[in-house]
Protein chains: 2
Amino acid sequence: MSDRQQRGAQAAEIAERLRDEIVSGAIEGGARLGQDALAARFGVSRMPVREALRLLEAQGLVDVPPNRSAIVARLSKDDLLDIFDMRAAAEPLALGLALPHLTNARIDRAAEIQRDIENAPLDRFGDLNAAFHRTLHAPCGRPRLLAHIESLNALADRYLRLAIGTMDHQGPSDAEHRDLLEACRARDEARARAILTAHIVRARDALAAAFEDASS
Amino acid sequence: MSDRQQRGAQAAEIAERLRDEIVSGAIEGGARLGQDALAARFGVSRMPVREALRLLEAQGLVDVPPNRSAIVARLSKDDLLDIFDMRAAAEPLALGLALPHLTNARIDRAAEIQRDIENAPLDRFGDLNAAFHRTLHAPCGRPRLLAHIESLNALADRYLRLAIGTMDHQGPSDAEHRDLLEACRARDEARARAILTAHIVRARDALAAAFEDASS
DNA sequence: TCCATGTATTTTGGATACATTTTTCTGATA
DNA sequence: TATCAGAAAAATGTATCCAAAATACATGGA
């Protein structure tokens with residue numbers, strides 16, 4: 001860990017870098033994550049590596065069976081449905097709670113991120129999309145709920161990256177984002193929640209179809 | 001760890017015992033969980049203790065600040081709302097997904113647990129209540145969703161134990177459970193979800209009121 | 001009396017070392 | 001050739017050791 005910040009942050013740093021590699025697909029599902037190999041790679045002992053693996057396990061990105069090497073969680077259609085249905089339950093809740101505290105300035109910030117999404121390269125879509133929704137959800141003031149949503153988004157990103165480019169997801173998504181912003185500006189909670197739910201459900205179905213194609 | 005099962009299970013065992021003590025209130029919010037003290041108490045080194053604390057942190061039961069002692073998460077009304085609103089989002093989803101796969105035999109098993117609830121002493125309510133709902137949710141076939149709900153139930157139990165006995169929660173809860181079973185027998189998804197949502201929201205409000213009283 | 005500063009103690013984070021389990025490799029046998 | 005047994009190798013789980021950080025405490029000053 002060349003640029004390690006300070007004592008007590010190594011595990012978090014390792015976890016973050018591994019998470020990026022897993023989410024981006026650089027490490028594929030089913031890959032073995034040996035503690036020794038990771039320790040050597042990051043230049044630390046196995047101890048912080050173990051903590052990092054536990055963190056990733058708690059987020060559902062790796063599986064850590066006792067006495068065996070950690071394995072990157074495999075992708076499956078059932079898992080995809082599991083994740084996206086949880087998002088469809090959690091994110092509208094956060095949005096609805098945030099709406100009364102949502103300032104116009106913040107909505108403008110989200111709109112700016114949406115403009116970035118429409119211009120930036122595809123491989124940045126995951127990050128920017130998460131930032132867009134996070135901007136709208138944050139004022140809900142529910143730390144556990146927000147952490148849960150972040151965790152789900154990391155899981156969802158793996159499926160998104162698989163399918164992105166192979167399908168026309170962008171067009172509908174951009175339109176839905178703009179509708180969502182409009183409903184937020186009008187402070188129309190019911191409509192905003194409905195749009196967000198439909199947004200996630202549509203993404204779920206599109207990705208599920210793309211995943212089936214890719215698996216066959 | 002006198003009765004430790006086998007290599008690799010110590011951390012999980014310690015976490016489970018600590019979780020029971022935290023949920024039951026034997027250890028109060030804000031209490032310091034020093035690694036050395038816990039290691040001595042369980043007769044192991046600090047290493048499995050550290051893993052156990054990480055597990056509990058992932059479940060939201062303890063806070064582990066860097067370079068400082070872990071402390072049991074404090075209870076607050078905001079946290080209570082956070083937890084119960086997430087339950088109200090997640091559990092009806094699981095129930096709705098489970099309903100098509102729910103057998104009459106399983107509904108009968110849930111009804112039996114409900115009878116136990118009505119007869120058993122109050123301090124068993126948390127466990128039995130969780131078992132009741134788990135029985136109805138399990139057939140949804142969504143491992144992540146079910147794990148999420150279990151985790152939320154552990155957090156919710158802390159608030160339940162605080163208020164139980166000081167309020168008349170049992171009567172309404174029993175009636176709602178019976179209504180829920182009836183809706184399940186009729187395979188009426190919309191009604192079952194509505195009852196469950198109302199059940200959780202009512203518990204949330206009752207506990208929030210009881211918590212405010214206790215805090216004042 | 002209260003607050004600030006410096007020191008000593010306590011406690012955590014990480015590295016190293018050892019024991020146990022799992023995995024892999026070898027070789028014999030059907 | 002395929003399969004199974006056993007041994008060697010590798011990897012994990014735990015204990016112990018050392019260093020860094022935080023807390024507690026004592027001392028001195030306003």
Side-chain angles (χ1 to χ4, degrees), chain A residues 1-19 21-22 26-74, chain B residues 1-19 21-22 26-74:
Chain A
M1 196 113 280
S2 45
D3 61 317
R4 94 160 202 283
Q5 342 245 21
Q6 55 199 10
R7 189 185 170 80
Q10 295 189 19
E13 168 110 13
I14 293 169
E16 191 177 337
R17 290 181 53 179
L18 284 177
R19 176 167 45 241
E21 296 186 11
I22 293 171
I27 309 180
E28 290 196 355
R32 290 183 46 157
L33 296 176
Q35 297 177 8
D36 257 320
L38 293 175
R41 201 190 125 192
F42 290 108
V44 299
S45 82
R46 276 169 44 214
M47 202 79 29
V49 169
R50 289 170 63 97
E51 300 233 337
L53 291 174
R54 291 293 181 197
L55 285 175
L56 296 174
E57 182 186 37
Q59 297 201 353
L61 284 169
V62 308
D63 191 41
V64 186
N67 296 316
R68 277 194 298 279
S69 292
I71 303 272
V72 178
R74 294 176 189 281
Chain B
M1 197 108 281
S2 45
D3 60 317
R4 96 160 198 283
Q5 342 243 27
Q6 55 199 17
R7 191 184 171 81
Q10 294 190 18
E13 169 110 12
I14 293 169
E16 191 177 336
R17 289 179 56 176
L18 284 177
R19 176 167 47 241
E21 297 186 11
I22 294 171
I27 309 180
E28 289 196 356
R32 289 182 49 153
L33 297 176
Q35 298 178 5
D36 255 322
L38 293 175
R41 203 190 123 193
F42 290 107
V44 299
S45 81
R46 277 170 43 217
M47 203 76 30
V49 169
R50 283 164 64 171
E51 298 232 338
L53 290 174
R54 291 295 181 196
L55 286 175
L56 295 174
E57 183 187 36
Q59 298 202 354
L61 284 169
V62 308
D63 191 42
V64 186
N67 296 319
R68 251 165 299 147
S69 292
I71 62 174
V72 177
R74 294 177 189 283

Using a cut-off of strictly less than 4.0 Å between a heavy atom of the residue and any atom of DNA chain C, enumerate the qualifying residues of residues 57-71 of chain A by number.
-> A:Asn67, A:Arg68
Distance in angstrom units between B:Asp36 CG and C:dT10 P, rounded | 11 Å
Phosphate oxygens OP1/OP2 of C:dT10: is one of them under 4.0 Å from a side-chain N or O of B:Gln35?
-> no
Distance-minimising heavy-atom pair for B:Ala73 and B:Gly60 = CB-O, 3.8 Å
Pairing residues for B:Glu51 by the salt bridge (Lys or Arg N to Asp or Glu O under 4.0 Å) criterion, not counting sequence neighbours | A:Arg50, A:Arg54
Rounded to whole Å, the CE-P distance (A:Met47 to D:dG13) equals 11 Å
Nucleotide C:dT11, atom C1' - distance to CZ of B:Arg32 in whole Å = 8 Å
Integer-rounded Å distance: D:dA15 P and B:Phe42 CZ = 13 Å
If you take all heavy atoms of B:Val44 and B:Gln10, which pair is closest and at what distance?
-> CG1-OE1, 3.2 Å
Greater than 12 external heavy atoms within 6.0 Å of A:Glu28's CD = no
Between C:dT21 (C1') and B:Gln10 (CD): distance, integer Å = 14 Å
Could you check how far CG of B:Leu53 sits from C1' of C:dT12, rounded to whole Å?
-> 11 Å
Can B:Glu13 and B:Arg19 be said to form a salt bridge (charged side-chain N to carboxylate O under 4.0 Å, His left out), step by step?
-> CA-CA 10 Å; B:Glu13 169 110 12; B:Arg19 176 167 47 241; over 6 Å; no
By salt bridge (Lys or Arg N to Asp or Glu O under 4.0 Å), which residues pair with A:Glu16, not counting sequence neighbours?
-> none
Atom CD of B:Glu13 and atom C1' of D:dG13 are separated, to the nearest Å, by 15 Å
Can you name the nearest heavy-atom pair linking A:Ala15 to A:Leu55, along with the distance?
-> CB-CD1, 4.0 Å
Those residues at least two apart in sequence (or on a different chain) that pass side chain to side chain contact (heavy atoms under 4.5 Å, CB included) with A:Ala39 are A:Arg46, A:Val49
Gap between atoms CD1 and C1', on B:Ile14 and D:dG13 respectively (whole Å) = 12 Å
Atom pairs under 3.5 Å, N or O on each side, protein against nucleotides 18-20 of chain C: can you list them with distances?
from	atom 1	to	atom 2	distance (Å)
C:dA19	N3	B:Arg7	NH2	3.4
C:dT20	O4'	B:Arg7	NH1	3.4

Partners passing side-chain hydrogen bond (donor to acceptor under 3.5 Å, both in side chains) against B:Arg32 (at least two apart in sequence or in another chain) | B:Ser69
